[in-house]
Visitor: 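Handing you this structure, nothing more for now.
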Protein chains: 2
Amino acid sequence: MPIHKEKPVLDCPFRETLDVLEGKWKFAIIHSLLHHGTLRFKNLERDVAGITSRMLIKELKLLQVHGIVLRRPYPTVPPTVEYSLTECGRSLEPVIEAIQAWGVQNRAALAAKIN
Amino acid sequence: MPIHKEKPVLDCPFRETLDVLEGKWKFAIIHSLLHHGTLRFKNLERDVAGITSRMLIKELKLLQVHGIVLRRPYPTVPPTVEYSLTECGRSLEPVIEAIQAWGVQNRAALAAKIN
DNA sequence: CCGCATCCAACAAGATACTG
DNA sequence: CAGTATCTTGTTGGATGCGG
C-alpha cells in the first residue's frame, strides 16, 4: 500500500493535463483507440507495441477513472471486453495529432540534415 | 550505471516522439521555455514548479542531445547559463498548445458536470 | 550561480507464472 | 481471453556536500 502523499495540486490546466496523461503508455493507448475506435483487450495489447498486460490494465483503469476510456464487458465464455474512448477521450485527438505531426516533421528534418 | 538495453526502436514517428518527450518534466520545461523565451537555470527551476535542480539538469541534457534545447553559458563570475528552445524545440508549440487547450476545456467540462 | 556526485527511500515498470 | 499475484529491476527524487 503506497503511503498517502499530498500533491500540491497546481492550479494550472497544463500541469493538470500532464498529471492525467503521465506515465509511459497513456498517449500510445489513446493513439491506438483513436485509430481503431474499439478494441478488445488482447488486440489493444498487440497494437500498443511493447506493453505488458499488467501495465495495460493499470493504465486503462486510470484512464477510466478520468473519464477518458470506456470499458464494456460482455458475459461470454471466454470473456470479451471492449475498450473505446469516451467523448472526453476523443477530444484529445488534437493533442495526439500534434504529436504525430511533429514526429513526421522531425523525422524529415533529421533526414534532411544528413544530406 | 544502468545496464545497456537494446531498444527495439519502433519505426513509428508517434512512438519516436514519445521517446524524446518521455519522463515527468519535459513537457513542463518546454512549456516554460516557450512562454518565456530564454531563462537562466535558476529561473527555470523556479518556473517549473516542483522540480529539483538534479532532475532539471538531467532533463535539459537529454533535450539538448535531441536538439530541442539550446544551452548558452557565459564566462562570468558567478556563472550564468541561459536556456532557450532551438527552432526544432519551438516547432513543438502546437503540441504544447493542444495540451494547454485540452486542459482548459476539460476543466470547464468538469465544472459543468457539477452544476 | 551552475552543475555534479553520492547515498538512499519510494515508487514505476518489467518478467513470469497463474486463475476463472 | 481477461485479469491477478509475486518477484525483480529501474527510475525518480530528496538530502547533502563539493568544485568551478
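First the proteins, then the strands, lettered A, B, ... as listed; each starts at 1.
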Visitor: Do A:Val81 and A:Tyr74 have side chains that get closer than 4.5 Å, going by heavy atoms?
Guide: no

Visitor: If I take atom CG in residue B:Asp19 and atom P in nucleotide C:dA13, what distance separates them, rounded to the nearest angstrom?
Guide: 14 Å

Visitor: Hey, is A:Glu93 close enough to A:Arg90 for a salt bridge, meaning N to O under 4.0 Å?
Guide: no

Visitor: OP1, OP2 of C:dG3 versus side-chain N and O of B:Arg71: anything below 4.0 Å?
Guide: yes

Visitor: Are there more than 12 heavy atoms of other residues, nucleotides or ligands under 6.0 Å from atom CZ of A:Arg72?
Guide: no

Visitor: In whole Å, what is the span from the CG atom of B:Leu44 to the C1' atom of C:dC2?
Guide: 13 Å

Visitor: Answer with base, sugar-phosphate or nothing: what part of the nucleic acid does A:Thr52 contact at a heavy-atom distance below 4.0 Å?
Guide: sugar-phosphate

Visitor: For A:Arg54, report the nucleic acid contact type (base, sugar-phosphate, nothing); a contact means any heavy atom under 4.0 Å.
Guide: base

Visitor: Between A:Leu39 (CG) and D:dC1 (P), how many Å, whole number?
Guide: 14 Å

Visitor: Less than 4.0 angstrom between a side-chain N/O of B:Trp25 and OP1 or OP2 of D:dT11, yes or no?
Guide: no

Visitor: Salt-bridge test for A:Arg40 and A:Glu82: reply yes if a basic N is under 4.0 Å from a carboxylate O, no otherwise.
Guide: no

Visitor: Does A:Tyr83 reach a base, just sugar-phosphate, or nothing at all? Heavy atoms under 4.0 Å.
Guide: sugar-phosphate

Visitor: Round to a whole Å and report the spacing from CE of A:Met55 to P of C:dT16.
Guide: 17 Å

Visitor: Measure from the side-chain N and O atoms of B:Ser32 to the backbone N and O of B:Asp47, and report whether any donor-acceptor pair falls under 3.5 Å.
Guide: no

Visitor: Could you tell me how far apart A:Ile57 (CD1) and C:dA12 (C1') are, to the nearest whole angstrom?
Guide: 17 Å

Visitor: Look at A:Lys24 and C:dG14 and indicate whether a side-chain polar atom (N or O) is within less than 4.0 Å of OP1 or OP2.
Guide: yes

Visitor: What does the 5'-to-3' dot-bracket notation of DNA chain C look like when only Watson-Crick and G-U wobble pairs under 3.5 Å count, and pairs to other strands show as |?
Guide: |.||||||||||||||||||

Visitor: Please compare A:Ser53 and B:Arg46 by the position of their nearest nucleotide in DNA chain C and report the one closer to 5'.
Guide: B:Arg46

Visitor: Is the number of heavy atoms from other residues, nucleotides or ligands within 6.0 Å of NE2 (B:His36) greater than 12?
Guide: yes

Visitor: With sugar-phosphate meaning primed atoms plus P, OP1 and OP2, does A:Gly23 contact a base, only sugar-phosphate, or nothing at under 4.0 Å between heavy atoms?
Guide: sugar-phosphate

Visitor: C:dA12 C1' sits how many Å from A:Glu59 CD, rounded?
Guide: 10 Å

Visitor: What is the separation between atom CG on B:Leu60 and atom P on C:dC2, rounded to the nearest whole Å?
Guide: 12 Å

Visitor: Just to confirm, is there a sub-4.0 Å distance from OP1 or OP2 of D:dT4 to any side-chain nitrogen or oxygen of A:Lys58?
Guide: no

Visitor: For the residue pair A:Phe14 and B:His31, categorise the inter-ring angle as parallel (less than 30°), tilted (30 to 60°) or perpendicular (more than 60°).
Guide: parallel

Visitor: Starting the side chain at C-beta, find the nucleotide from D:dT4, C:dC2, D:dA2 nearest to B:Pro79.
Guide: C:dC2

